[in-house]
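Each remark here refers to the structure printed beneath this line.
We count residues from 1, following the sequence as given.
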Amino acid sequence: MFGIGFPELLMIMAIALIVLGPKRLPDIARALGRGLSEFKRASDELKQTFEAEVRSHDTEQQTPPPVKLTPPGAMQSPYPDEANAGDPEPSVDPEPVVDKPSVETATVETAKKGEDSRNE
């Protein structure tokens with residue numbers, strides 16, 4: 001404790017008792033104890049605040065940006081660049097339009113078939 005041994009501490013306490021007197025010594029010791037405890041409380045609060053700020057800063061730094069995950073063995077692109085090197089870009093052909101008979105045409109055709117079968 002500050003390089004002061006027990007004999008030196010007893011000497012300091014004896015001198016303080018003689019100088020301050022037995023009536024004022026407990027009051028001064030009490031005030032000194034309160035001051036030291038208040039100082040310790042303030043330093044602990046400052047230390048906790050500092051540690052909380054460091055933790056929040058580390059958390060912000062450690063959050064990686066979102067990344068698209070691909071399963072193992074999956075290709076990054078649909079086809080390698082070498083496979084598409086000599087081929088031209090495929091063109092998109094529109095689907096051929098097939099004329100579907102309307103309801104009226106279908107009923108007229110079935111009526112004609114019925115007449116043809118009766119005539120035979």
Q) How about Glu51: does its CD atom have over 12 heavy atoms from other parts shown lying under 6.0 Å from it? A) yes
Q: Following the transitive rule for hydrophobic clusters with a side-chain heavy-atom cut-off under 4.5 Å over Ile, Leu, Val, Met, Phe, Trp and Tyr, establish whether Met13 and Leu20 coincide in one cluster.
A: no
Q.
Could you measure the distance from the CD atom of Glu8 to the CE atom of Met11? Nearest 0.5 Å is fine.
A. 9.0 Å
(Q) Just verifying a value: how many Å separate Leu25 CG and Arg30 CZ, rounded to the nearest 0.5 Å? (A) 10.5 Å
Q) Measuring from Lys47:NZ to Lys40:NZ, what's the distance to the nearest 0.5 Å? A) 10.0 Å
**Q.** Reference residue Ile15; test side chain to side chain contact (heavy atoms under 4.5 Å, CB included); the match among Val19, Ile12, Ile18
**A.** Val19
Q. Taking the hydrophobic residues Ile, Leu, Val, Met, Phe, Trp and Tyr, and joining any pair whose side-chain heavy atoms are under 4.5 Å apart, which ones share a cluster with Leu46?
A. none
